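Here the structure is laid out as structure tokens; the discussion comes afterwards.
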Amino acid sequence: MKIIVYRGAEGIGGNCIEVRSKKARILLDYGSPLPKIDPVSHRSVEATPEETILDIPGLYGNSSIPISAIVISHTHKDHYGALFAKPINPGIKVFMTEIMEDVMRITAKMSRDYKKLDADINYFRKGHRFVIGNIGITPYLMDHSASESFAFLIESEGKKIIYTGDYREHGNKANAFKQFLAADMGPIDVLITEGTQAEVEKGPTEQTVMEDIEGLVRGKTGTLYVMCSGQNIDLLTSLAGIARNTRRYLVVDGYAALVLERLKALARKQGVELRIPGLDTEYLKIIDNNATKRISQMTEYSETYGRMRPKMVSWEWVRGDQGRLIIPVRANAQQWIDENIKDFRGAMLVYSMWEGYREEAGLHETLEYFRARGIGAVPIHASGHAYFSTIRKLIENKRPRCIIPVHTEHPEKFTETFGNRVRVLKDGAELDV
Ligand SMILES: [Zn+2]
């Protein structure tokens, strides 16, 4: 077998890794590079399609062994975004979960330059092994800040490879990581692990961060703004808990409300009742911003939108009840905040200083907007990614023969700790397994 890390070996963002047997080729993730700060305008901008697509044989053109499948680990754009940049060969099957497809399609429709996902989508389910050619793939649910995130055990020609995707053990799905450790996978030849937070030995958990935020707002009379991606379900769930405990309202837009509702509905279809906020949450309210308007125009979600309407509040209501609100904000939120709220007395802003800039273009401008209005941003430190103590735990548990760090700016941390078992690759380099 061969492993080729096309992108992600030398930095964070745009993961794409090939696993090749003698008979079959699969790609693990096909992400877009992270947004960059434009040197002229100083605005953060998404990578162009030209910067996003990779020249991999068989992906757009022909190749002697075709690519059979692309397996997506989770719905962060640095893991799937390149699928939207240019239609891939129609013969390539793209594997994800039903929830992931839904989140991906909703997110794409929210974008101003909407692009359709033109690919043959197939579903996998957690714990259910599927086979591509002579490559077996078993998905394992992981704890991460996306709606759902998976690691994969890949087996072929007597070899075993683990690809972690993005993970942590300090979020609301910490149990998923425990189960991953408990799963007996036999001897592992190669572990491909993310290392976004490899330079941090240990950090706070989502739980302690939420207690800190609750302490911050208790007894205060201003709105709490929290930088939060619309699909960071763990954070939205924690914020709902804080709203309940401090008698505040959690005020989301139609996009977040739709993602929460779709997740609940799709999980229910599989017999799982998710404990996340939704339209049945008493203290959840919905604002009528552009994102909500866009949802209202999508006929395919008209039933859900109909159920959102009783939860919708006017801007007068928002302005009049500022002391009791928790408002998650995403990139470019300043556009509707500036038009409709204006009053920031007592307001607080919480953001993750490690990841805020990285996920979406425009977050930088949003932070600047708050800063210019004298709103002291309080950094919180729960990362979506594994601290090094977690990575160490995984390596001690699975005892891989070889370790390939990806999605990291600190590969040296791996070589210093795990010695010559670590292979630090260059983008595009091949490794024989
Ligand atoms: Zn991620």
Side-chain angles (χ1 to χ4, degrees), residues 32 34-38 40-48 76-77 81 84 103 106-115 222-232 235-236 239 249-260 284-298 301 305 308-309 311-322 325-353 355-378:
S32 40
L34 297 175
K36 290 184 302 206
I37 302 288
D38 183 273
V40 182
S41 68
H42 299 287
R43 294 181 65 85
S44 52
V45 286
E46 303 271 3
T48 62
H76 281 155
K77 282 186 183 153
F84 284 83
V103 170
I106 295 170
T107 307
K109 285 174 194 164
M110 298 306 295
S111 162
R112 267 182 214 113
D113 51 339
Y114 168 55
K115 284 199 194 96
T223 298
L224 172 69
Y225 295 93
V226 182
M227 280 284 181
C228 172
S229 127
Q231 55 159 305
N232 189 341
L235 186 51
L236 286 172
L239 294 177
Y249 289 104
L250 177 64
V251 182
V252 299
D253 64 13
Y255 168 72
L258 179 63
V259 169
L260 288 167
L284 180 132
K285 298 286 179 192
I286 300 171
I287 38 166
D288 193 15
N289 64 2
N290 276 343
T292 307
K293 287 200 172 67
R294 210 171 279 240
I295 301 288
S296 76
Q297 291 155 2
M298 297 177 191
Y301 303 120
Y305 182 71
M308 279 184 206
R309 297 195 63 163
K311 309 288 284 180
M312 275 165 64
V313 289
S314 66
W315 291 112
E316 289 75 43
W317 184 90
V318 172
R319 285 192 289 269
D321 225 342
Q322 295 243 32
L325 309 183
I326 297 177
I327 308 184
V329 288
R330 297 193 301 275
N332 303 315
Q334 69 276 17
Q335 291 161 5
W336 54 264
I337 290 173
D338 196 51
E339 194 177 320
N340 301 297
I341 298 182
K342 296 188 176 79
D343 179 5
F344 294 103
R345 267 170 294 170
M348 296 156 276
L349 170 71
V350 163
Y351 77 106
S352 164
M353 59 192 256
E355 283 151 10
Y357 292 97
R358 292 188 157 148
E359 284 175 13
E360 299 170 32
L363 270 182
H364 175 71
E365 288 79 358
T366 308
L367 277 179
E368 285 302 315
Y369 174 84
F370 280 102
R371 191 170 301 154
R373 274 142 198 87
I375 300 162
V378 182

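Below, each value reflects all heavy atoms present in this structure, side chains not excepted, and no hydrogens, waters or symmetry copies. The first residue of the sequence shown is numbered 1, and numbering continues consecutively from there. Please read all numbers here as calculations on a predicted model, not as lab measurements.
For Lys115, the NZ atom is densely surrounded, since the number of other residues' heavy atoms within 6.0 Å is greater than 12.
Contact detail for Tyr225 and Ala347: the closest heavy-atom pair is CE1-CB, 3.9 Å. When every heavy atom of Arg330 is checked against every heavy atom of Cys228, the shortest pair comes out as CG-O, 3.3 Å. Contact detail for Arg319 and Asn340: the closest heavy-atom pair is NH1-O, 2.6 Å. Closest approach of Thr366 to Ala333, counting heavy atoms only: OG1-N, 3.9 Å.
Between Ser296 atom OG and Asn290 atom CG the span is 10.0 Å, to the nearest 0.5 Å. Of the inter-residue distances, the one linking Thr292 atom OG1 with Trp336 atom CH2 reads 8.5 Å to the nearest 0.5 angstrom. Put simply, CD1 on Ile286 and NZ on Lys311 are 7.5 Å apart, with the number rounded to the nearest 0.5 Å. Atom-to-atom distance recorded for Leu325:CG and Ile341:CD1 is 8.0 Å, nearest 0.5 angstrom. Here the CG-CD1 distance, from Leu258 to Ile295, works out to 4.5 Å after rounding to the nearest 0.5 Å. Taking CE of Met308 as the reference point, atom CG of Asp253 lies at 9.0 Å (rounded to 0.5 Å).
In this structure, the side chains of Arg294 and Lys109 stay at 4.5 Å or more apart for every pair of heavy atoms. Pro328 is listed as a side-chain neighbour of Leu239, based on a closest heavy-atom distance under 4.5 Å. Taking 4.5 Å as the limit, some side-chain heavy atom of Leu367 sits within range of a side-chain heavy atom of Met227. Within the 4.5 Å cutoff, the side chain of Tyr305 has heavy atoms near those of the Met312 side chain.
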Decide side chain to side chain contact (heavy atoms under 4.5 Å, CB included) for Ile327 and Tyr249; before the verdict, give the C-alpha distance in whole Å, the side-chain angles of both, and the deciding distance to 0.1 Å.
-> CA-CA 8 Å; Ile327 308 184; Tyr249 289 104; over 6 Å; no
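The aromatic rings of Phe370 and Phe344 sit perpendicular to each other, their planes meeting at more than 60°, with 30° as the lower class boundary.
Listed by chain and number, the residues in a side-chain hydrogen bond (donor to acceptor under 3.5 Å, both in side chains) with Asp321 amount to none (sequence neighbours excluded).
The cationic atom of Arg373 (NZ for Lys, CZ for Arg) lies less than 6.0 Å from the six-membered ring centre of Tyr369 and within 45° of the ring axis.
Although no hydrogens or angles enter the test, the distance criterion places a donor-acceptor pair under 3.5 Å between the side chain of Thr223 and the main chain of Gln322.
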